[in-house]
Amino acid sequence: EQLGQIYSGLNPADQSQKDTYMQVSLGQVRSINVAVIGEVRRPGSYTLPSLATVFNALYSAGGPTVSGSFRDIQVLRGDSVAATFDLYDLLINSDQSDNIRLRSQDIIKISPYTNRVEVTGEVKRKGIYETKEGDYLSDLIDYAGGFTGDAYSHRIRITGNDSRQRTINDVTKSNFDSFEINNGDSVAVGKVLDRFRNLVEIKGAVFREGKY
C-alpha cells in the first residue's frame with residue numbers, strides 16, 4: 001500500500017493498467033515472549049514466533065487441564081482483555097476470528113470450566129462437552145457431530161440434577177432449539193425400533209422372494 005503511493009503502476013484503479021510488480025521476502029521472524037497461566041497442563045513463559053496465535057500458544061503449553069475451560073480463554077494485553085477465545089469455534093466450526101496473533105508480553109489465562117454435559121448413545125462423537133450460557137440441546141447435538149443413521153431423534157432423554165435431587169426430562173424434536181442445557185446433565189440418544197412400518201414379505205412361487 002505504501003509503495004503504491006510512489007509507484008502508480010503497482011496498484012492502479014484499473015488493474016489492466018498494472019505494469020509494476022513487487023515481491024517481498026521475510027528473511028527472519030522475530031520471537032516474542034508470552035505467558036500461559038491458569039488451568040493449563042504446562043503453565044509458564046514461552047518463546048514463540050511473532051506470527052504465533054492463541055492456538056499455537058495453547059498447543060505449546062499442552063492445552064487445558066481436566067478442569068480447564070475450552071470455552072473461556074482470555075488474552076490479557078496490558079490492563080485489558082484483548083480477546084476471549086473459544087476453542088470450540090475453531091475445532092468444531094473452523095472459525096478463527098478470535099484466534100488472534102499474539103504480541104510480546106501477552107498473558108493467556110485459562111479459567112476453570114463452568115458447565116459440562118455428557119452425551120451418549122447414537123451420536124457421531126460421544127463424550128463430555130463444555131457448554132456456555134445460552135447453549136441449547138440443538139447446539140450440544142452439533143458439538144457431538146449430529147445423529148448417527150440409527151438414532152431415534154424424535155425424543156431425547158436428559159438426566160440432570162437440581163439443588164436437591166436428580167431430574168429427568170424427555171425433550172421432543174420441536175423443543176431442541178429451546179431446551180437449555182445445565183451443568184451435570186447427561187444426554188442419551190436412543191436407537192430406532194428394530195421393526196418396519198411399511199414391510200411386506202413374500203415367499204413361494206414367485207421369481208423374487210423377499211421383503212418389500
Side-chain angles (χ1 to χ4, degrees), residues 36-44 54-55 57-59 61-76 81 83-99 107-198:
V36 186
I37 63 173
E39 302 297 326
V40 63
R41 295 183 186 277
R42 295 189 296 270
V54 183
F55 183 80
L58 291 173
Y59 184 84
T65 62
V66 172
S67 59
S69 172
F70 279 65
R71 314 294 305 271
D72 184 21
I73 300 170
Q74 294 182 332
V75 180
L76 307 179
V81 178
T84 300
F85 182 47
D86 185 341
L87 258 175
Y88 279 23
D89 286 340
L90 176 62
L91 299 177
I92 297 175
N93 302 320
S94 302
D95 179 4
Q96 296 205 67
S97 56
D98 290 323
N99 186 27
I107 298 175
I108 299 173
K109 178 185 176 183
I110 302 178
S111 304
Y113 75 88
T114 302
N115 299 313
R116 276 187 181 161
V117 178
E118 183 181 16
V119 184
T120 60
E122 296 303 315
V123 291
K124 295 174 184 174
R125 291 193 295 258
K126 304 178 184 67
I128 296 176
Y129 292 90
E130 185 178 353
T131 60
K132 295 196 299 186
E133 184 178 353
D135 277 352
Y136 296 100
L137 180 57
S138 57
D139 299 309
L140 186 63
I141 297 302
D142 288 339
Y143 299 157
F147 297 114
T148 66
D150 292 329
Y152 175 60
S153 58
H154 178 71
R155 186 187 301 268
I156 292 179
R157 177 162 294 176
I158 299 177
T159 306
N161 309 303
D162 59 22
S163 59
R164 297 177 60 191
Q165 57 194 355
R166 303 283 286 169
T167 61
I168 191 167
N169 289 284
D170 286 323
V171 184
T172 57
K173 190 172 185 177
S174 60
N175 294 318
F176 286 0
D177 291 331
S178 58
F179 188 87
E180 192 163 355
I181 300 297
N182 297 310
N183 187 37
D185 283 352
S186 179
V187 177
V189 180
K191 268 190 173 184
V192 294
L193 295 175
D194 188 17
R195 70 183 187 191
F196 298 89
R197 63 176 175 82
N198 58 343

- Per the side chain to side chain contact (heavy atoms under 4.5 Å, CB included) rule, which among Asp98, Asp72, Ile73, Ile110 passes with Leu87? Ile73
- Query: Is it the case that more than 12 heavy atoms not belonging to Asp194 sit under 6.0 Å from its CG atom?
  - Reply: no
- Provide the closest heavy-atom pair for Val187 versus Ile156 in the form atom of the first, atom of the second, distance. CG1-CG2, 3.5 Å
- Task: Using distance alone, with no hydrogens and no angle criterion, decide if Ser111 and Gln74 have a side-chain donor and acceptor under 3.5 Å apart.
- Result: no
- Pro64 and Glu39, any side-chain heavy atoms less than 4.5 Å apart: no
- Output the distance between atom CG (Asp185) and atom CD1 (Ile168), rounded to the nearest 0.5 Å. 11.0 Å
- Message: Tell me if a side-chain donor or acceptor on Asn169 pairs with a main-chain N or O of Val171 at a distance below 3.5 Å.
- Response: no
- For residues Tyr129 and Arg125, report the shortest heavy-atom separation together with the two atoms involved. OH-O, 2.6 Å
- Query: Taking C-beta and beyond as the side chain, do Phe85 and Leu58 meet within less than 4.5 Å on heavy atoms?
  - Reply: yes
- Side-chain donor/acceptor of Asn183 to backbone N/O of Arg116, under 3.5 Å: yes
- Note on the structure: Taking every heavy atom of Ile92 against every heavy atom of Asp142, the minimum-distance pair comes out as CG2-O, 4.4 Å
- Note on the structure: Only one of Tyr136, Tyr88, Phe70 passes ring-ring contact (aromatic ring centres under 6.0 Å, His included) with Tyr143, and that residue is Tyr88
- Query: Under 3.5 Å, side chain of Asn175 to main-chain N/O of Ser178, donor-acceptor pair present?
  - Reply: no
- Task: Mind listing the closest non-hydrogen atom pair of Ala151 and Val192 along with its distance?
- Result: O-CG1, 3.3 Å
- Message: Tell me whether Lys191 at atom NZ has more than 12 heavy atoms from other residues, nucleotides or ligands lying less than 6.0 Å away.
- Response: no
- Note on the structure: Taking every heavy atom of Val123 against every heavy atom of Val189, the minimum-distance pair comes out as CG1-CG2, 3.8 Å
- Task: Return the minimal non-hydrogen interatomic distance between Val36 and Ala61, and the atom names on each side.
- Result: CG1-CB, 3.9 Å
- Side chains of Thr148 and Asp150, donor plus acceptor under 3.5 Å: no
- Query: What distance separates Leu137 CG from Thr172 OG1, expressed to the nearest 0.5 Å?
  - Reply: 10.0 Å
- Message: Asp170: which residues meet the salt bridge (charged side-chain N to carboxylate O under 4.0 Å, His left out) condition with it, sequence neighbours left out?
- Response: Arg157
- Would you give the length of the straight line joining atom CG of Leu90 to atom CG of Asp95, rounded to the nearest 0.5 angstrom? 8.0 Å
- In this structure, OG1 of Thr120 is separated from CD of Glu122 (nearest 0.5 Å) by 9.5 Å
- Looking only at atom types and distance, does a side-chain atom of Asn99 sit under 3.5 Å from a main-chain N or O of Phe55, one as donor and one as acceptor? yes
- Nearest 0.5 Å please: distance from the CG atom of Leu140 over to the CD atom of Glu180. 12.0 Å
- Positive for side chain to side chain donor-acceptor pair (under 3.5 Å) with Lys132, one of Asn115, Asp139, Asp86: Asp86
